[in-house]
Amino acid sequence: MADKPSYLGMLNAIYMGEQRGYEYLSAWADVTPDPDVRAVLRKVALREGEHALAFAKRINELGFEARDDGPSAEFQRKLAIVTSDDSDLEKMDTLGYNFSDPAKPSDEGDVFVNMFRDTTIDIQTGELLGRYIAEERDTGRLLRSCYGILCERAQSGIPGSDPSTDRLAGLEAKVDAVCRGVEELRQIVCAQTMPAPS
């Protein structure tokens, strides 16, 4: 058996995180009524799934097997949020995707900064980590942009930003149609009950 790399645990943690991300983002994409949000979620979910497979493959190439501890309570919480009847904006707020655009890049709070502190990382793993980090940062930009658009829609009252508003508008349209039908029926009944001219 190969010597266990010091960074194997990090690779496995990324594998599990990306696999769970793929699962809950795909579930969210399946239920969102907004085609623009769906497109962003599908793109991000596919990236997450690809990352999971790439890290599992790299772990295998290093002579080990990716270990999956199963869905955590946090994953179950996220899955419940994304499959709820809440609006996409509410889901983003609850999940913490309501981040603001940083004024300037900063290492503070960046989870990726410490990944390359391990100087024993081999070239192939380093390449994989570099691509992963670049794509994760782009994913942050995509989600930030999506959140901003949803906020703008909500503030301007654009339909599609709040499913409860859309449902209410649909009900109002149906009630209006029923009222028109009742009025037409009233006119027909009135016409039939009027005495015929002699």
Can you tell me if [atom1] on [X] sees more than 12 non-hydrogen neighbours from other groups inside 6.0 Å?
{"X": "Arg77", "atom1": "CZ", "answer": "yes"}
{"X": "Glu74", "atom1": "CD", "answer": "yes"}
{"X": "Tyr15", "atom1": "OH", "answer": "yes"}

Shortest non-hydrogen contact between [X] and [Y], atoms and distance:
{"X": "Ala45", "Y": "Tyr22", "value": "O-CD1, 3.0 Å"}
{"X": "Arg38", "Y": "Ala29", "value": "NE-O, 3.4 Å"}
{"X": "Gln76", "Y": "Pro71", "value": "NE2-CB, 3.4 Å"}
{"X": "Gly21", "Y": "Glu48", "value": "CA-OE1, 3.8 Å"}
{"X": "Asn12", "Y": "Ala66", "value": "OD1-CA, 3.3 Å"}

Interatomic distance, [X] atom [atom1] to [Y] atom [atom2] [nearest 0.5 angstrom]:
{"X": "Ile59", "Y": "Leu8", "atom1": "CD1", "atom2": "CG", "result": "5.5 Å"}
{"X": "Leu11", "Y": "Lys57", "atom1": "CG", "atom2": "NZ", "result": "13.5 Å"}
{"X": "Leu150", "Y": "Leu143", "atom1": "CG", "atom2": "CG", "result": "10.5 Å"}
{"X": "Arg141", "Y": "Asp138", "atom1": "CZ", "atom2": "CG", "result": "4.5 Å"}
{"X": "Lys43", "Y": "Leu25", "atom1": "NZ", "atom2": "CG", "result": "14.0 Å"}
{"X": "Tyr132", "Y": "Ile14", "atom1": "OH", "atom2": "CD1", "result": "4.5 Å"}

Query - Pairs meeting criterion salt bridge (charged side-chain N to carboxylate O under 4.0 Å, His left out) with involvement of residues 119-131, two or more places apart - result: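 Applying salt bridge (charged side-chain N to carboxylate O under 4.0 Å, His left out) to every pair that reaches into residues 119-131, excluding sequence neighbours, yields Glu50-Arg131, Arg58-Asp122, Arg131-Glu135.
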So if you build clusters from Ile, Leu, Val, Met, Phe, Trp, Tyr with side-chain heavy-atom gaps below 4.5 Å, do [X] and [Y] land together?
{"X": "Phe112", "Y": "Leu129", "value": "yes"}
{"X": "Leu53", "Y": "Met10", "value": "no"}
{"X": "Leu62", "Y": "Leu128", "value": "yes"}

Query raised in the report: Looking at Thr119, Asp118, Ile121, which one forms a side-chain contact (heavy atoms from CB on, under 4.5 Å) with Ser6?
Result: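 Exactly one candidate clears the test, Asp118.
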Quick one: are [X] and [Y] in side-chain contact, heavy atoms under 4.5 Å?
{"X": "Cys146", "Y": "Val37", "value": "yes"}
{"X": "Val31", "Y": "Val82", "value": "no"}
{"X": "Thr94", "Y": "Lys78", "value": "no"}
{"X": "Leu142", "Y": "Arg47", "value": "yes"}
{"X": "Phe116", "Y": "Ile133", "value": "yes"}

Report summary line: Glu23 meets the side-chain hydrogen bond (donor to acceptor under 3.5 Å, both in side chains) criterion, sequence neighbours left out, with Gln19, Arg20
Query - Contact list for residues 24-47, test ring-ring contact (aromatic ring centres under 6.0 Å, His included), sequence neighbours left out - result: none
Query raised in the report: Salt bridge check: are Arg153 and Asp88 linked by an N-O gap of less than 4.0 Å?
Result: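 Looking at Asp88 together with Arg153, the answer is no, because their closest N to O distance does not fall below 4.0 Å.
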Query raised in the report: Are any side-chain N or O atoms of Lys91 and backbone N or O atoms of Tyr97, one a donor and one an acceptor, separated by less than 3.5 Å?
Result: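 Absent.
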Query raised in the report: Between Asp93 and Glu90, is a side chain to side chain contact (heavy atoms under 4.5 Å, CB included) present by the stated rule, with each step listed?
Result: CA-CA 5 Å; Asp93 279 331; Glu90 290 169 321; 5.6 Å; no
